[in-house]
Undergrad: 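I'd like to ask you about the structure that follows.
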Amino acid sequence: MSRMPLPADRLVQPRLVGYDPTHPRPWLERIAYTLFFSALWVMVILAYGAVPALFRHYGWLSTTAGFLIYAAVEAVLAFLLAAVVALILIVVLRKYLGKVQERVGPMHYGPAGVFQTVFDALKLLGKEDFAPKRVDWLIFRLAPAIVFVSAFLLMVALPVAGGWVMADLNVGLLYIVAVSTLGAYGVVLGGLSQGNKWGLLGGFRAGAQLVSYEVPLALALLSVGVYSGSLRLSDVVEHQYGLWHVVPLFLSFLVYLVASIAELKATPFDLPEAESELVAGYNTEYSGMSFAFFFLAEFVELFLLPGFMVVLFFGGWHGPLFGLEPGSFAAGVLQSLYFLVKVAVWVWIFLWIRATLPRFRDDQLMDLAWKGLLPLALVGLLVAAFLRMFLEVL
Amino acid sequence: MRGPTTVEPVPGRTDELIINMGPQHPATHGVLKVVIGVEGERITRAVPHIGFLHRNHEKIEEARTYPQIITYTDRMDYVSGLQNELPFILAVEDLLGVEVPPRAKLIRTIFFELFRIASHLVWLGTGMLDLGAITPFLYTFRDREMILEITEKTAGARMLPNYFTFGGVRRDVHPDFFKDVAHFLDFFETRLPDYYALVLDSPVFQARAVGVGVLSRERAIARGASGPVIRASGVAYDVRKAEPYDAYPELEFEVPTRPEGDVFARFWVRFKEMEESVKIIRQALEKTPKTGPYKGKVPPRVKPKPGARYRAVEISRGHLGTYVVSDGSERPLRVKHRSPSFANLQLIPDLFVGARFADAIAILSSLDPVFGEVDR
Amino acid sequence: MSLFAEVWEAVKAVGAGLGAVNKRISEPAVTEFYPYKKPEIPPVSVQFLALIQNEDGTDRCVACLQCERVCPSQVITIERKRNPEGKGFVLERFDLDFANCMHCANCVEACPVSAIVTVGAFEHAVYDINLLKADKAMLDHIGHEAKTWYSPKFGVEIRTPDGRIEKAPPEMQPGGLAELLAEGEGGEAS
Amino acid sequence: MNGLRFRKTAEFDEEVYAVHPEDYRPLLEALKAEGYDYPRSLSGVDMGYGLRVVVHLYGIESGRKATVYTDLPYDAPELESVTDLWPGLEWFEREAYDLFGIRFKGHPDLRRILLEEDWTIHPLLKRYDTGGYPLPDWQPAPWPEPAPWEEPEAAGEGGEA
């Protein structure tokens, strides 16, 4: 008879590496998260302010080679910014859900789990990117790229401070609508190409949901454009001196809020990947880095949609400048901080909603979009046009 | 492979998709397989398959002596473990003619209702997880933990305590028991408003639940549904009232019913049942003497006289009956468990067909099957 | 007008839900850091079984086969022989197959001399199910390692640092022992 | 219930009907008409000499309980289905078929329910060897001396009383 081993002989004794979660040090955790947020701020300053200012100061942008180098550097910086945003938001989401659910969330990697997502990303990188036999290979591989690129492209148009924007498009509002709709293609194609019935259903749902929520979203954006008299995002922000758009355009704001949660596929509207119904929906068969790209895109959008909400309705980078000259670099640094803080508040509200509500049903989702939000958005557009006329007369 | 799939595609029909929901599906609460045909999102056909967790308890129990069987009955509905012991014990007590002291009856009743709350909390958490809300899951499991700790302190185990026995309970309760239970009840009453706010009052939940999966009164009776499912269809059938056992005749409580028969009504009935359980436990705590006999006189060798007895109790999921056939020996001739989820799951074809796919998940979570007892 | 009232009710209800969630932010987490902090379990908790030997190193077990008879999973195998000096039997073999054990503690309840007891050791998981077979030496060893154990006959007993076996003080005892409960009652009442 | 072969006794708090297999369905139809609308359970029992089917019924309105049983020989375990009276017994009859091999004529979907389709025999039969219990050389007991069925008139009187 084989001898039963004793715990002392057999167990790998648990050993703590680095941070000890049994003795929480709140000050260390606060410092760690402050540093994390500062890293985001520094990345924003670098990508949107410092590097363009550097190129402009030395006049390198006038040559073709200089412009190409600038574009390449900006692309890399934007990608890094997207990665940092996703890493921060994932850990913040998990910590926040942990807090409100009376547990601790990620704890073991870094103080209070700051580096958890870094290790998660490394793990996903190291996993096999597996494709089942019956998939439509090209589309299957293309879908995560489309999703991620569409989220990533939105970053270009985000004005974070006065004059700080990668591409100050004169059709900025239309650009947002166009590019964010592109993301829907990725999700639908990803669902349809994987030869899985759950993925198919998820793709159907995603297509229906994303396409129908684009309409009220676009109308809400349009009412902002009508009211401010420009499609350029920096003009929209400039127009809000004195009064943020959220006051006159409250209806459009509500429409934008609901529609952007639906665009995010976050909890009350997370039908495409409803994990209890459709296993995982459109990303059922994705693994490894392909899955990570879907995930990354979702969290970049979790930063960008509140970001655009702040730009359109909450005065963008506006805030007291304490005597700094608007347009200077120092003012830009301060303004980008204001912007980030406003975005952080909205991200928190989005997470809060995600922690509270159960999920809608697909037909109710459609009802809400077409019967609720669309008329509301039209009324909002009417209000915006009326106010604009009123202002013109004055 | 378990048998052929009974849903065959209709030749020439291309708009119907046949899906195997389960046995590995996040919302089937175990190992249920439902072969469903969907037309877009609408379900056209549904055929449930069970038996993936079949251990044939009834065969094992034929080969065990009566005291040994109590251990096995725990393992049927493992979410409300302690409750499953009672119908078998009641049936054997009837055959033996054993008197149960009143204090033992009250202790049994307190534990019985505690496990009802625990089981309903698990149902609430996992049911809301099916509907897409993660937070109630964590809250309910945290509250249930307190019940399990109370049980462990007295009975020695958390989920499958093996605590009831013929003529009473196995050992006296822990000296802290009454204090702990009273503390839990106070704590739980502060938690209930949060559950109302997160679940029953939530407009998103109401949109998902009202008018979904409607079960008529006649169908509920004819299908033999029981527990919250039949009470949500307007039938005040509760075994605790219909054939009272243990200390229930002395305790005052109501049987909450609701006429609609939809998912919302089933959720509502379970919420009210938790409140009623709190009331019952409070009454029982007042009535239970601190000391006294906890076990009646039982012969050392349990040998019931030849005969048969069917006893039922109202566990969290409904009417759990046990039919014991004795031939006068140490081992029963036959033990049959009539489990509530087994009968309730027959409603799947009735309720699923015509519903949307997302409704099917809500309906399944409102039926609240536990596969340990469905498959036995 | 009723539409507005409905919407307002819905917004209020969602607000109540949000409030219910936000309220919990300040409450302490209930997470247990298991491998680093071991939980305290009640002495009656059935975690593992052990054989207890007397202070002089002799078996408490009298080989009456009660536990083998009462075990529902039939995991206990006992071989015994006649005691060459005196009455009764002595153990030759006592095997317990933990792979099939249900931890129902029926054996502990049946034991007339409290030789087989429940102990609070719960870290006996292994990767190979075939290793979950304990013989008498193993069970004796667990019994020697245990600081406290429980059996319905004698209640909770403790092993003092100098190796003696004593009955635990009343505050450690669970219910079920009439005399201890009477003491506890008296203490509470006074 | 005139003309049916059954014995009616009272055990504990319920009425117990022992019925001839041929009169099983007519008796249950009569009971359904009497108001026993809730099907509590249906179980098969291997009595050692034959198979027994036990139906437990309950009247939601009246609160009355009834148990009906009938004995079948091992070699012809056939009975008429009552699923049209109580659709809730559908799975219980399937279970009895699965575990005992009792065939219910008229059942809409009589397949195995808990076990796989290709399971060889019905495991709750006493002759099913689980390794030691019951003994491998198990033999069926002789059919017990049949007690006389009550006279139809007597049964009618009992029902009226």
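Atoms considered below: every heavy atom in the structure, side chains included; atoms not considered: hydrogens, waters and symmetry mates.
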Undergrad: Out of B:A362, B:A197, B:A358, B:P203, return the one with the most heavy atom pairs under 4.5 angstrom to chain A.
TA: B:A358
Undergrad: Please examine the side chains of A:K197 and B:N20, heavy atoms only from C-beta on, and report whether any two atoms are closer than 4.5 Å.
TA: no
Undergrad: Just wondering, more than 12 heavy atoms not from A:K99 lying within 6.0 Å of its NZ?
TA: no
Undergrad: State the CG-CG distance between A:L201 and B:L17, to the nearest 0.5 angstrom.
TA: 6.0 Å
Undergrad: Highest number of heavy-atom pairs under 4.5 Å with chain A: which of B:V199, B:L198, B:V38, B:D359?
TA: B:D359
Undergrad: How long is the gap from CG on A:L357 to CD1 on B:I134, to the nearest 0.5 Å?
TA: 11.5 Å
Undergrad: Relative to chain A, which segment of B:Y139 carries a heavy atom at a distance below 4.5 Å: side chain, backbone, both, or neither?
TA: side chain
Undergrad: Is it the case that more than 12 heavy atoms not belonging to A:W348 sit under 6.0 Å from its CH2 atom?
TA: yes
Undergrad: Starting at CZ of A:R205, measure out to CZ of B:F357 and round the result to the nearest 0.5 Å.
TA: 7.0 Å
Undergrad: Looking only at heavy atoms, what is the nearest atom pair of B:L131 and A:P358, with distance?
TA: O-CB, 3.5 Å
Undergrad: With the threshold set at 4.0 Å, does a side-chain nitrogen-carboxylate oxygen contact exist between A:E102 and B:R191?
TA: yes
Undergrad: Which of the residues A:D362, A:T356, A:L97 is involved in the greatest number of heavy-atom pairs with chain B at under 4.5 angstrom?
TA: A:D362
Undergrad: Between A:F360 and chain B, with a heavy-atom cut-off of 4.5 Å, which part of the residue counts as in contact: side chain, backbone, both or neither?
TA: both
Undergrad: Pick one of side chain, backbone, both or neither for B:V212, based on which atoms fall under 4.5 Å of a heavy atom in chain A.
TA: side chain
Undergrad: Can you confirm whether more than 12 heavy atoms, excluding those of A:Y185, are under 6.0 Å from its OH atom?
TA: no
Undergrad: Above 12 or not: heavy atoms from other molecules or residues under 6.0 Å from CZ of A:F250?
TA: no
Undergrad: With only heavy atoms counted, which part of A:Q364 is less than 4.5 Å from chain B, the side chain, the backbone, both or neither?
TA: side chain
Undergrad: Examine whether an atom of B:S202 lies under 4.5 Å from a heavy atom of chain A, and if so say whether it belongs to the side chain, the backbone or both; otherwise answer neither.
TA: side chain
Undergrad: Side chain from CB out, backbone as N, CA, C, O: work out which of these in B:R356 comes under 4.5 Å of a heavy atom of chain A, or both, or neither.
TA: side chain
